[in-house]
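Structure record follows, encoded as structure tokens.
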Amino acid sequence: MASTAAISSVDAFGRSIRDLRISVTDRCNFRCVYCMPREIFGPGYAFVPRDELLQLEEIVRIAKVFAACGVKKVRITGGEPMIRRNLEHLIEMIASIEGIDDISMTTNASYLSKGRAVALKDAGLKRITVSLDALDEETFRTVCDVEFPVSRVLEGIENARQAGFENIKINAVIKRGLNEHSVLPLARYFHGTGSILRFIEYMDVGSTNNWKLDEVVSARELVAMINKEMPIEPVSPNYRGEVAKRWRYVDDGGEVGFITSVTESFCGDCSRVRLSAVGQIYTCLFATEGFDIRDPLRAGASDQDLLEIVQTLWGKREDRYSELRGQIPVDVFSDAKVEMSHIGG
Ligand code: SAM
Ligand code: SF4
Ligand code: SF4
């Protein structure tokens with residue numbers, strides 16, 4: 001795409017477009033109960049056929065269009081992104097796009113060997129977030145619903161650290177009755193390590209996890225649980241629109257974060273757009289519909305055409321699902337929300 005200064009794109013509520021999440025696959029080797037429950041994503045589930053996936057060059061072309069609209073940060077996600085072939089090459093291409101100054105990835109770390117961690121670093125990946133919801137084998141197996149040792153995830157984190165990734169973030173989703181007993185062991189384990197543990201409130205994303213409000217452990221409860229044993233205090237955000245609320249251990253043991261998607265919405269600053277593995281653009285994590293950009297791209301649309309498509313779409317954006325959650329009858333959003341494994345977290 002010809003180099004153009006980024007054109008500022010704002011939506012119907014004046015929010016800019018800054019942050020692009022790219023899902024590179026809808027497949028995963030885990031079956032986390034809150035994301036890809038085995039009853040639905042078991043044998044017979046229709047994953048996207050490979051020829052329907054965006055090719056790497058197509059992803060890069062779309063990312064360039066987003067960069068021209070003001071996107072500065074890209075996060076690679078999935079499904080499990082490390083399953084995607086030639087991922088490092090994709091990262092290298094995205095890292096070289098003018099205007100993109102941060103590229104990160106969220107992974108379950110099951111493929112984060114020493115060699116891959118170094119290759120990702122060499123490709124230009126700046127930051128890694130690893131998802132880990134428990135430290136004991138039994139709970140970990142129950143949450144992820146696979147036979148996979150926790151020690152290998154911890155090894156993956158260490159491999160990333162040794163490859164030079166700093167301030168690795170650890171995402172832990174806490175669901176009542178499933179793993180709230182993991183909160184303190186996780187906090188103790190990562191305290192003082194330089195890795196930043198972030199607790200994510202269990203969300204009603206997608207339609208297959210059978211979400212119930214009373215299964216959400218609120219950030220307020222999580223803060224109280226940790227504070228009782230390891231005193232923490234709030235810290236101001238790094239920048240406007242930061243998703244995780246930052247807290248620090250009073251004893252200088254580092255930071256811990258809380259993502260309050262359910263109990264305290266942050267739609268007002270939401271600058272995130274998502275691209276699915278098949279080329280659907282979603283302007284909200286809880287969207288019921290995406291906008292297809294793959295067909296126009298494959299039909300020969302010019303860069304300018306693609307830019308106009310994105311700007312028109314973003315200009316009309318009125319999403320604020322989390323703000324409205326609870327005010328709208330449940331059946332309005334009933335069973336059509338896009339699955340997390342299609343658009344990433
Ligand atoms: N497979 C990778 C991983 O797990 O890190 C990347 C994709 S995963 C969909 C991205 C993030 O979404 C993970 O941190 C996961 O824990 C989170 N997630 C998935 N379903 C969720 C839910 N229902 N509520 C809150 N977070 C969820
Ligand atoms: Fe896979 Fe990540 Fe979803 Fe777990 S959260 S099933 S690791 S995509
Ligand atoms: Fe953004 Fe939608 Fe989440 Fe609100 S609910 S913060 S608009 S993704």
Side-chain angles (χ1 to χ4, degrees), residues 11-13 15 17-19 21-38 40-41 47 75-84 104-112 128-134 140 143-146 148 153 156-157 168-175 178-179 197-212 215-217 241-244 259-262 264-274 276-277 282-288 314 317-325 333 337-345:
D11 70 7
F13 296 131
R15 298 168 297 188
I17 181 169
R18 288 269 171 273
D19 193 331
R21 312 232 158 156
I22 301 175
S23 170
V24 292
T25 177
D26 64 330
R27 290 166 200 251
C28 186
N29 55 331
F30 284 13
R31 287 290 176 274
C32 303
V33 294
Y34 52 72
C35 179
M36 298 180 77
R38 201 173 275 285
I40 311 280
F41 293 87
F47 287 99
R75 176 170 294 274
I76 307 292
T77 176
E80 175 43 50
M82 292 194 70
I83 284 180
R84 182 75 194 248
S104 57
M105 178 177 73
T106 308
T107 174
N108 63 25
S110 57
Y111 296 100
L112 205 46
I128 289 190
T129 299
V130 171
S131 303
L132 175 62
D133 306 319
F140 185 75
V143 176
C144 304
D145 204 5
V146 280
F148 193 90
V153 175
I157 297 170
I168 296 166
K169 295 200 176 102
I170 313 296
N171 277 357
V173 175
I174 305 298
K175 181 177 167 194
L178 180 73
N179 65 336
L197 176 63
R198 298 161 353 141
F199 291 101
I200 308 180
E201 287 179 348
Y202 170 43
M203 291 185 275
D204 49 338
V205 63
S207 318
T208 58
N209 62 11
N210 197 20
W211 181 88
K212 291 183 198 68
E215 291 169 338
V216 177
V217 182
E242 189 171 27
V243 169
I259 303 185
T260 58
S261 346
V262 177
E264 214 181 308
S265 63
F266 35 78
C267 302
D269 285 329
C270 181
S271 58
R272 289 174 290 283
V273 65
R274 294 174 160 86
S276 79
Y282 290 89
T283 55
C284 180
L285 182 55
F286 301 93
T288 48
W314 190 262
R317 176 183 189 244
E318 290 185 339
D319 302 295
R320 50 192 188 111
Y321 177 88
S322 287
E323 256 177 42
L324 301 175
R325 184 191 281 113
F333 288 109
K337 281 191 269 124
V338 63
E339 291 301 315
M340 185 68 122
S341 53
H342 285 259
I343 54 170

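Predicted, not measured: the structure shown is a model, and the values here were computed from it. Both ligands and their constituent atoms are indexed starting at 1 by order of listing.
Counting only non-hydrogen atoms, the option in R15, R272, R21 that gets closest to atom 6 (S) of ligand 3 is R272. Summarising the contacts of atom 1 (N) of ligand 1 with G79, S131, A172, the nearest heavy atom is found in G79.
Regarding atom 25 (C) of ligand 1, its nearest protein heavy-atom neighbour is M203 CE, 3.5 Å. Among protein heavy atoms, the minimum distance from atom 1 (Fe) of ligand 3 is reached at C270 SG, 2.4 Å. The nearest protein atom to atom 26 (N) of ligand 1, hydrogens excluded, is given as V173 CG2, 3.4 Å; this is a heavy-atom distance. Scanning the protein for heavy atoms near atom 11 (C) of ligand 1, the closest one is G345 CA, 4.1 Å. With hydrogens left out, the protein atom closest to atom 8 (S) of ligand 3 is L285 N, 3.3 Å, a heavy atom. Nearest protein heavy-atom contact of atom 7 (S) of ligand 3 is D319 O, 3.6 Å. For atom 18 (N) of ligand 1, the closest non-hydrogen atom of the protein is M340 CE, 3.3 Å. In terms of protein heavy atoms, atom 20 (N) of ligand 1 is closest to Y34 CD1, 3.3 Å.
Ligand 1 has an N or O atom lying under 3.5 Å from an N or O atom of E80, backbone or side chain. For a threshold of 3.5 Å applied to N or O pairs, the pair formed by S341 and ligand 1 contains no separation below that value.
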Stepwise side chain to side chain contact (heavy atoms under 4.5 Å, CB included) check, C267 with R15
CA-CA 9 Å; C267 302; R15 298 168 297 188; 4.1 Å; yes

Full working for side chain to side chain contact (heavy atoms under 4.5 Å, CB included) between E323 and C270:
CA-CA 11 Å; E323 256 177 42; C270 181; over 6 Å; no

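Checking each of N209, I174, L178 against Y202 for a side chain to side chain contact (heavy atoms under 4.5 Å, CB included) leaves exactly one that passes, namely N209.
Heavy-atom distances between G78 and ligand 1 reach below 4.0 Å in at least one pair.
Counting the atoms of ligand 1 from 1 in the order shown, those under 4.0 Å from a heavy atom of C35 are 19 (C), 20 (N). Atoms of ligand 1 found under 4.0 Å from any heavy atom of N209 (numbered from 1 in listed order, with element): 23 (N). Under a 4.0 Å criterion applied to the non-hydrogen atoms of T77, ligand 1 contributes the atoms 6 (C), 7 (C). Within ligand 1, counting atoms from 1 as listed, the ones closer than 4.0 Å to a heavy atom of N108 are 2 (C), 3 (C), 5 (O).
In this model, a donor atom of one side chain and an acceptor atom of the other lie less than 3.5 Å apart for Y321 and D204. No hydrogens or angles considered: a donor-acceptor pair under 3.5 Å links the side chains of R75 and T129. Side chain to side chain, E80 and T107 meet the donor-acceptor criterion of an N or O pair below 3.5 Å.
Contacts between T129 and ligand 1, counted as non-hydrogen atom pairs separated by less than 4.0 Å, are absent for every part of the residue.
Within a radius of less than 2.8 Å around atom 3 (Fe) of ligand 2, the protein N, O or S atoms are C35 SG.
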